[in-house]
2 protein chains.
Amino acid sequence: MSSITSALGFQLRMLDQLVQRSFQAHFQALEITPTLYAILTLIDANPLCRQTDLSNALKMHQPNLVERVGVLIDRGLIAARADPNDRRANALQLTFAGTHFMDKLNEAHDAHIAEMKSLLGADVYDTLMANLAAPAAG
Amino acid sequence: MSSITSALGFQLRMLDQLVQRSFQAHFQALEITPTLYAILTLIDANPLCRQTDLSNALKMHQPNLVERVGVLIDRGLIAARADPNDRRANALQLTFAGTHFMDKLNEAHDAHIAEMKSLLGADVYDTLMANLAAPAAG
DNA sequence: TATTGTTATACTCTATAACTATA
DNA sequence: TATAGTTATAGAGTATAACAATA
């Protein structure tokens, strides 16, 4: 049976599954998915950001983001308070527990990236990162 | 707001969305999704193949494939008959209508690939295909 | 009038267990 | 006993409409 080697979309999803399996292996003990990690990382780098900022950066729809942010609030990793300049907005920041949790997340992320470089080869990994960055930005 | 440029998985999904939007633009008039196109292409290249062969090649779970194959049978594009050598198996082949339909699909696919090369640049497209092939195969 | 966040909802993809009929 | 196909179902991820509070 011949394969679908000519299909870019198919290849992308195959590699994405490889990445996701590695991510899950390194983060499942922390009960963190790629989306939750991305949200926490962005809040860490952008304290008091709004949910609209997050949905733009992650290209997620607001209703889906609301649910994920709710999970992180329920787990005590982030807190929301009304932005004094715009009372419609939730200003988000890490809690103390969330800040400490980031250390474990960053360790897990380093191990995940190391595994990806090992699986793909560092040269392939770097080439992919360089060539994916431009189209993903546009 | 900083972005998640360092996350391979995020970049892969952004590009995958770009590919899927282009695919949909070229195939929506034919009411064909990437998975349906892949199934038809594989049956065309491998007449009388079994559903197990397809599920392996597409890395799809059998129950999900059954539903997609059913759609193509209902639309009269493929036909299933019991394999005389193994009556458990469905031998799949294109119908006459399906064979003619492949011409339209291949035209749409050519246009889709041309658009992707235009969007990404032919050099980036070729580099991605070359570097995605190895990990996706493993 | 437009925007932030929210609720409810629906559609697709992916995943697993259990069944049937054949081998 | 193992395999091919099927049924039912559950879980993610993604999508849109409509609403309340605020700008």
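In the text below, chain A, chain B and the rest are named by the order of the sequence lines, each starting its count at 1.
- Scored by the side chain to side chain contact (heavy atoms under 4.5 Å, CB included) test, Ser118(A) finds no partners at all (sequence neighbours excluded).
- Under the salt bridge (Lys or Arg N to Asp or Glu O under 4.0 Å) criterion, Asp53(A) pairs with Arg50(A), sequence neighbours left out.
- Put simply, CE on Met14(B) is 12 Å from C1' on dG13(D), counting in whole angstrom units.
- The salt bridge (Lys or Arg N to Asp or Glu O under 4.0 Å) test applied to Asp44(B) returns no partner, not counting sequence neighbours.
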Practice item. Any chance you could list the contact pattern along nucleotides 17-23 of chain C? Use B for base contacts, S for sugar-phosphate-only contacts and - for none, protein heavy atoms under 4.0 Å, 5' to 3'. Key: B---BBS

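- Both Gln17(B) and Gln62(B) lie close to DNA chain D; mapped to their nearest nucleotides by heavy-atom distance, the more 5′-ward contact belongs to Gln62(B).
- Straight-line distance from the CG atom of Leu65(A) to the P atom of dG5(C): 9 Å, rounded to whole Å.
- Taking atom CG on Asn64(A) and atom P on dA8(C), their separation rounds to 15 Å, with Å as the unit.
- Not a single side chain to side chain contact (heavy atoms under 4.5 Å, CB included) links His100(A) to another residue, sequence neighbours left out.
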Using a 3.5 Å cut-off and no angle test, enumerate the donor-acceptor pairs between side-chain atoms of residues 27-43 of chain A and protein atoms at least two apart in sequence or in another chain.
unit_1, atom_1, unit_2, atom_2, d
Thr33(A), OG1, Leu36(A), N, 3.3
Thr41(A), OG1, Tyr37(A), O, 2.8

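- Atom pair Leu48(A):CG and dT4(C):C1' shows a separation of 16 Å (rounding to whole Å applied).
- Within the 3.5 Å criterion, the main-chain N or O of Gln62(B) finds no donor-acceptor partner in the side chain of Ser55(B).
- Summarising the geometry, the separation between CD on Gln24(B) and C1' on dC11(C) is reported as 13 Å, rounded to the nearest angstrom.
- For the pair Thr52(A) and dT3(C), the criterion of a side-chain N or O lying under 4.0 Å from OP1 or OP2 is not met.
- Sorted by first and then second residue, the salt bridge (Lys or Arg N to Asp or Glu O under 4.0 Å) pairs involving residues 100-121 of chain A (not counting sequence neighbours) form an empty list.
- Annotation: salt bridge (Lys or Arg N to Asp or Glu O under 4.0 Å) contacts involving residues 88-102 of chain A, sequence neighbours excluded, comprise Asp86(A)-Arg88(A).
- Checking the phosphate oxygens (OP1, OP2) of dT14(D), no side-chain nitrogen or oxygen of His61(A) falls inside 4.0 Å.
- Taking every heavy atom of residues 33-44 of chain A and every atom of DNA chain C, no pair lies under 4.0 Å.
- Among residues two or more places apart in sequence or in another chain, the side chain to side chain contact (heavy atoms under 4.5 Å, CB included) test is passed with Asn56(A) by Thr52(A).
- Residues passing the salt bridge (Lys or Arg N to Asp or Glu O under 4.0 Å) test with Arg68(A), sequence neighbours excluded: none.
- Residues from residues 68-76 of chain B lying near DNA chain C, meaning a heavy-atom separation below 4.0 Å, are absent.
- At least one side-chain nitrogen or oxygen of Gln51(B) sits closer than 4.0 Å to the OP1 or OP2 atom of dT6(D).
- Nucleotide dT14(C) holds its C1' atom 14 Å from the CG atom of Leu58(B), rounded to whole Å.
- One interatomic measurement links the two molecules: CE of Met60(A) to P of dG5(C), which rounds to 13 Å at whole-angstrom precision.
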